[in-house]
Asker: 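Take a look at the following structure, please.
Throughout, residue positions are numbered sequentially from 1 according to the sequence presented.
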Amino acid sequence: MKLAVVGAGAMGLPIAARLVALGHGVTVRDIDPEREALARRAGCALAPTPALAADGADAVLVVVVDAAQLRAVLHGADGLLRAPALPRAVLLCPTIGPADAEAAAASLSARGIDALDAPMSGGPARAADGTMSLMVGAPEEVFERWRPLLLQLAARLFHAGPRAGDGARTKLVNNLLAAVNLAGAAEALALAERLGLDPAATLDVIEQSSGQSWIGSDRMRRALAGDARVLARTALLAKDSALALEAAAAAGFAAPLGRAAAARFAAALRAGAGALDDASLWQRARRPRRPRRRTGR
């Protein structure tokens, strides 16, 4: 197939490289020349604009960070909707709010383009080997039409619902729970340490008991080992948990646990930890809290 990937970041680049390895012709567009150079070395062609990357493509995967970037890719002066020959399908892969997914899908559908609201989960390694998850919101016939391509991208493929935005809703629910689990794991192990326990030994117990969570184990193992590599920036889960709370508020749902977790991530951002790996929540949880100052008499 003739494919395009707009956004060659942590997920977009391994996706593009995998599609090349599977025999597809892949054109990449990214605003970072270094990422484009890596894409070229992986066998991708390059295009100077999203419009030219998308020109005549069977499908375009938009793998950017947020809704603002997505709007620029679609509607900018050189956006893909200005391609000389419009693509047949566009996969909307960033984690965004449901309303943004709906608006993007509507603008694509109005031009006869299949729109698949398809946020991802799993990280760069799973993107590279095709074992990541995709949560797809699209009409049944559109989902089935593109199932062969979707299965080349994701071993864990979920049709989240028939509406554009159902993929976004599912991803935000998942990521809010991820934020709750990660904040909880960091706090629990900080408590273990305060109680005089070995946090690593305590995590051994948790992993074989009812408190286990995948994200807690993955992040806390790295944190306890002193692994400071940035595999998942704190800013991303901060963004996603905030978006989930916006969706909850729109649905009239309070989400008190989600609010508590999102507050931890927001505090990490205010402290300048947004570019750090989200495993750094462990170090923040270990710090003693300052007592609140009493006012009045």
Side-chain angles (χ1 to χ4, degrees), residues 1-9 11-33 35-94 96 100-120 127 134 136-154 163-165 167-168:
M1 299 178 71
K2 183 179 180 181
L3 303 173
V5 176
V6 180
M11 295 293 282
L13 182 60
I15 287 172
R18 172 172 173 76
L19 292 171
V20 169
L22 291 173
H24 300 293
V26 180
T27 300
V28 163
R29 167 60 185 158
D30 195 275
I31 59 174
D32 184 344
R35 302 303 293 182
E36 288 195 328
L38 292 172
R40 185 190 292 277
R41 286 201 286 273
C44 302
L46 302 180
T49 66
L52 292 179
D55 185 21
D58 291 298
V60 179
L61 289 77
V62 182
V63 194
V64 294
V65 172
D66 56 28
Q69 291 184 1
L70 174 61
R71 286 191 291 269
V73 168
L74 295 181
H75 302 291
D78 297 308
L80 70 81
L81 289 175
R82 298 178 183 270
L86 292 174
R88 294 171 54 210
V90 173
L91 278 66
L92 307 170
C93 297
I96 55 178
D100 291 312
E102 290 169 356
S107 64
L108 294 166
S109 298
R111 291 164 175 80
I113 302 169
D114 285 347
L116 295 95
D117 163 32
M120 311 168 292
L134 280 178
V136 182
E140 183 74 26
E141 64 274 14
V142 173
F143 179 79
E144 291 300 330
R145 185 178 301 136
W146 295 99
R147 180 190 286 271
L149 175 61
L150 296 171
L151 286 172
Q152 292 186 340
L153 297 168
R163 303 172 297 173

Asker: Considering all heavy atoms of both residues, which atom of Val6 and which atom of Val64 are nearest to each other, and what is their separation?
Answerer: O-CG1, 3.9 Å

Asker: As an exercise, state the distance from CD of Gln152 to CG of Leu3, rounded to the nearest 0.5 Å.
Answerer: 8.5 Å

Asker: Tell me if a side-chain donor or acceptor on Ser109 pairs with a main-chain N or O of Ala106 at a distance below 3.5 Å.
Answerer: no

Asker: With respect to Pro50, which candidate in Val73, Val62, Val60 satisfies the side-chain contact (heavy atoms from CB on, under 4.5 Å) definition?
Answerer: Val73

Asker: List the steps and the verdict of side chain to side chain contact (heavy atoms under 4.5 Å, CB included) for Leu74 and Leu108.
Answerer: CA-CA 9 Å; Leu74 295 181; Leu108 294 166; 4.1 Å; yes

Asker: For Ala127, what residues pass the side chain to side chain contact (heavy atoms under 4.5 Å, CB included) criterion, not counting sequence neighbours?
Answerer: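 Partners of Ala127 by the side chain to side chain contact (heavy atoms under 4.5 Å, CB included) criterion, ordered by chain and then number, come out as Met11, Pro14, Ile15, Met132.
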
Asker: I need the minimum non-hydrogen distance between Ala138 and Ala115, along with the two atoms involved.
Answerer: CB-O, 3.9 Å

Asker: Where do Leu134 and Leu116 land on the side chain to side chain contact (heavy atoms under 4.5 Å, CB included) test, with the steps shown first?
Answerer: CA-CA 11 Å; Leu134 280 178; Leu116 295 95; over 6 Å; no

Asker: Would you compute the distance between atom CD of Glu36 and atom CG of Leu13 and round it to the nearest 0.5 angstrom?
Answerer: 11.0 Å

Asker: Does any pair with a residue in residues 141-154 pass salt bridge (Lys or Arg N to Asp or Glu O under 4.0 Å), and if so which ones, sequence neighbours excluded?
Answerer: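 Sorted pair list: Asp114-Arg145, Glu144-Arg147.
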
Asker: Between the side chain of Asp30 and the main-chain N/O of Ala8, is any donor-acceptor distance below 3.5 Å?
Answerer: yes

Asker: Counting only heavy atoms not in Leu22, do more than 12 fall under 6.0 Å of its CG?
Answerer: yes

Asker: Is any side-chain heavy atom of Leu19 closer than 4.5 Å to a side-chain heavy atom of Leu149?
Answerer: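 Counting from C-beta outward, Leu19 and Leu149 do come under 4.5 Å.
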
Asker: Looking at CD1 of Ile113 and CG of Leu86, how far apart are the two atoms once the value is rounded to the nearest 0.5 Å?
Answerer: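 Ile113 atom CD1 to Leu86 atom CG measures 4.5 Å (nearest 0.5 Å).
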
Asker: Scan residues 56-83 for pairs that pass salt bridge (Lys or Arg N to Asp or Glu O under 4.0 Å), counting only residues two or more places apart or in two chains.
Answerer: Asp58-Arg88, Arg71-Asp100

Asker: Output all residues satisfying salt bridge (charged side-chain N to carboxylate O under 4.0 Å, His left out) with Arg111, sequence neighbours left out; order by chain, then residue number.
Answerer: none

Asker: Under the salt bridge (charged side-chain N to carboxylate O under 4.0 Å, His left out) rule, collect the residues that match up with Asp55, sequence neighbours excluded.
Answerer: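 For Asp55 there are no salt bridge (charged side-chain N to carboxylate O under 4.0 Å, His left out) partners, ignoring immediate neighbours.
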
Asker: Identify the heavy atoms of Pro119 and Ala168 that sit nearest to each other, and give their distance.
Answerer: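 Closest approach of Pro119 to Ala168, heavy atoms only: CG-N, 3.9 Å.
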
Asker: Any salt bridge (Lys or Arg N to Asp or Glu O under 4.0 Å) involving residues 39-54? Give me the pairs, sequence neighbours left out, ordered by first then second residue.
Answerer: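 Those involving residues 39-54 do not exist here.
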
Asker: Which pair of non-hydrogen atoms, one from Ala16 and one from Cys44, has the smallest distance, and what is that distance?
Answerer: CB-SG, 3.8 Å

Asker: Testing the basics here: between Pro94 and Leu92, what is the closest heavy-atom pair and its distance to 0.1 Å?
Answerer: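 Reported closest heavy-atom pair: CD-C, 3.4 Å.
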
Asker: Using every non-hydrogen atom in the two residues, find where Gly165 and Asp117 come nearest and quote the distance to one decimal.
Answerer: N-OD2, 2.8 Å

